[in-house]
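Structure, as structure tokens:
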Amino acid sequence: MISAFDLFKIGIGPSSSHTIGPMVAARRFRERVALRADVARISAEIFGSLAWTGRGHGTDGAIALGLLGHDPATIDPDRVEDYTKALAETGETGLPGVAFAPDTDLVFNFKDLLPRHTNGMRFRAHDREGAILDEVVCYSVGGGFVESEGEATGAGIEAAPVPHPFASGADLLAICAATGLTIAQVQRENERALRSDAAIDAGLDAIRDAMLACIARGLRMEGILPGGLKVRRRARRLHATLEASRLSNSRPAHEVMDWIGLFALAVNEENAAGGRIVTAPTNGAAGIVPAVLRYGIDFCPGWNEERGRDYLLAAAAVGGLIKSRASISGAEVGCQGEVGSAAAMAAAGLATVLGGCPRQVANAAEIAMEHHLGMTCDPVGGLVQVPCIERNAFGANKAVAAASLALHGDGVHFVSLDQVIETMRQTGHDMQEKYKETSLGGLAVNVAAC
């Protein structure tokens, strides 16, 4: 089982695989170096997608922050520039006698790929003469998850014997049928193997609050997003327009779609600006689950705290299946693994709290994923802005549509959740590398990044 608290991580933008993962990896290496007294310098090398889009995704800054000892969950986003600037000027990591000069000690390797995953990293510790004292190879595999060379896939994920283990959608539905539990209840009972109900509730509420705070900040902020594309924030202006229309006697029936899209835009503009974010299941797709959550709060009668928790638990159950059976990494399977996965999670969560049976919930997730199959990851300029921000607005609306379709059905599947997840995995495997978060194909080469 993948815990909801592994899948939903509070961190900073703009990318879970290219920002949060590298920061976590660098911080772990720093802790390793801190146990030695003979290290004078640290160096790092990044490969594949991390190298190709690393500057636009902030990978260089993330590694610097990690080597300084910062945690993605607690770092102040407003201080990031101060921290990285100080390191660039002094080379001081905060470890006695251990230096890291970002301009010379961080290598972007555009030619080589490491065998396990395109998002490869190599950290080395050197003595005063430059000899290598220690080396760690690791991979940022999506959603902020980091795996080291030699570890089994999934290493680092919280693990404990659970009462209802499931490795597929079929397993999950069989458990629900045998026990009478909902998908959210199955996930909760499994979470109890790791923490108390009070801790589960507190953790879920913290995730919810972080998501809603991100929306709220995104609705307040304005100006140009960083990175050079000169993309203007739109959420604040759209919010003002929608608020003004509340006074109108003639409002279009599709206005609710504008609200859902607005909530997603607000989150992903914050992500693009390096703000506080929740991986859901990634940063690039972080707007979808919060947007549908806010839709439920604002537009679905009877929404309460318990429904919000069930929403996140059901979403986590589906997200865990996708991660374990396929991938949530855009660098591995394209954007279908990010936006598609997030839409499936949100659809499952919404169908759950609106009263769907387990089969309808699984059907909602399947519909949402099915209609993202083949989506490429082709960020213009290597930035998580175009087309990423708008894709979240569309993904959130598709999640609501998928839940609605499923709830109007009887839960009978023509295409099962397991089949669509496997199809996504195969499609990602067959997809050309240039369409998998490299900025070497698609919109990234047909739209001028200036």
Side-chain angles (χ1 to χ4, degrees), residues 8-16 19-20 57-58 61 72-83 205-248 251 255-280 282-300 303 305 308 311-312 342 346 383-397 399-400:
F8 296 120
K9 299 182 181 72
I10 298 174
I12 60 170
S15 172
S16 50
T19 310
I20 294 178
H57 284 55
T74 57
I75 190 171
D76 181 352
D78 294 331
R79 295 293 309 282
V80 164
E81 187 175 349
D82 294 337
Y83 296 139
D205 291 349
I207 291 166
R208 175 206 63 205
D209 290 346
M211 289 179 172
L212 296 178
C214 185
I215 291 174
R217 180 175 167 84
L219 295 180
R220 294 194 307 269
M221 301 301 287
E222 58 185 347
I224 303 295
L225 293 171
L229 292 184
K230 299 180 181 179
V231 173
R232 183 174 296 278
R233 287 181 183 250
R234 289 179 286 175
R236 177 170 173 164
R237 182 182 300 176
L238 176 56
H239 185 222
T241 300
L242 291 175
E243 285 289 353
S245 74
R246 290 181 186 272
L247 304 176
S248 173
R251 296 164 64 186
E255 187 181 272
V256 68
M257 297 175 64
D258 294 331
W259 282 101
I260 296 166
L262 166 66
F263 300 144
L265 290 176
V267 171
N268 284 87
E269 287 176 355
E270 273 299 288
N271 179 63
R276 176 73 62 214
I277 213 81
V278 180
T279 62
T282 67
N283 281 31
I288 295 170
V289 172
V292 178
L293 170 67
R294 179 67 185 268
Y295 162 76
I297 293 170
D298 287 7
F299 294 95
C300 297
W303 193 280
E305 281 194 344
Y311 171 81
L312 292 173
L383 299 165
V384 193
Q385 297 179 16
V386 179
C388 320
I389 296 172
E390 284 184 355
R391 279 187 181 169
N392 277 257
F394 277 80
N397 273 292
V400 175

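Computed over heavy atoms, backbone and side chain alike; hydrogens, waters and symmetry mates excluded. Just so you know, residue 1 is the first one in the sequence shown, and it goes up from there.
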L312 versus F8, closest heavy-atom pair with distance: O-CE1, 3.6 Å
Set of side chain to side chain contact (heavy atoms under 4.5 Å, CB included) partners for V386, sequence neighbours left out: L229, V231, V380
Those residues that, when tested against E390, pass side-chain hydrogen bond (donor to acceptor under 3.5 Å, both in side chains) (two or more places apart): R234
For the student: nearest non-hydrogen atoms of I12 and N283, plus distance: O-ND2, 2.9 Å
Output side-chain donor-acceptor pairs under 3.5 Å for residues 205-217, partner residues at least two apart or in another chain, one line each.
residue : atom : partner : partner atom : Å
D205    : OD1  : R208    : NH1          : 3.4
D205    : OD1  : R309    : NE           : 3.0
D205    : OD2  : R309    : NH2          : 2.8
R217    : NE   : E270    : OE1          : 2.8

Check: T19 side chain, H57 main-chain N or O, donor-acceptor pair, under 3.5 Å: yes
Distance-minimising heavy-atom pair for K230 and I224: CA-CG2, 3.5 Å
Derivation of the side-chain contact (heavy atoms from CB on, under 4.5 Å) call for N392 and L265: CA-CA 7 Å; N392 277 257; L265 290 176; over 6 Å; no
Residue E255 excluded, over 12 heavy atoms near CD under 6.0 Å: yes
Close side-chain approach of V289 to Y311, heavy-atom, < 4.5 Å: yes
Test side chain to side chain contact (heavy atoms under 4.5 Å, CB included) applied to P226 - qualifying residues, sequence neighbours left out: A273
Expected output: side-chain R233 to main-chain A266 donor-acceptor under 3.5 Å: no
Partner set under side chain to side chain contact (heavy atoms under 4.5 Å, CB included) for A396, not counting sequence neighbours: I260, A264, I288, A291, V292
Salt bridge (charged side-chain N to carboxylate O under 4.0 Å, His left out) involving R237 - partner list, sequence neighbours excluded: none
Side-chain donor or acceptor of R236 paired with backbone N/O of R220 under 3.5 Å: yes
By side-chain hydrogen bond (donor to acceptor under 3.5 Å, both in side chains) - contacts of T241 (at least two apart): none
E269 side, atom CD; M221 side, atom CE - distance, nearest 0.5 Å: 10.5 Å
All side-chain hydrogen bond (donor to acceptor under 3.5 Å, both in side chains) counterparts of D82, not counting sequence neighbours: R79
Ring pair (Phe, Tyr, Trp, His ring centres under 6.0 Å) contacts touching residues 208-246 (sequence neighbours left out): H239-W259
Crowding at OH, Y83 (>12 non-hydrogen neighbours, <6.0 Å): yes
Exercise: identify the closest heavy-atom pair between A342 and A280: CB-O, 3.5 Å
With T74 via side chain to side chain contact (heavy atoms under 4.5 Å, CB included) - residues at least two apart: D71
D258 side chain near L262 side chain, heavy-atom distance below 4.5 Å: no
Those residues that, when tested against T279, pass side-chain hydrogen bond (donor to acceptor under 3.5 Å, both in side chains) (two or more places apart): none
Nearest non-hydrogen partners of A286 and V267, listed with the distance: O-CG1, 3.5 Å
Nearest atoms (heavy-atom pairs only) where A399 meets A346: CB-CB, 3.8 Å
Those residues that, when tested against R232, pass salt bridge (charged side-chain N to carboxylate O under 4.0 Å, His left out) (two or more places apart): none
Distance (rounded to the nearest 0.5 Å) between N271 CG and R276 CZ: 12.0 Å
Under 3.5 Å donor-acceptor, S248 side chain and R251 backbone: no
Reported CZ-to-CG distance for the pair R294 and L219, which is rounded to 0.5 angstrom: 6.5 Å
Rounded distance [0.5 Å steps], CG in N268 versus CD1 in I277: 6.5 Å
N397 side chain reached by Y295 side chain, heavy atoms, under 4.5 Å: no
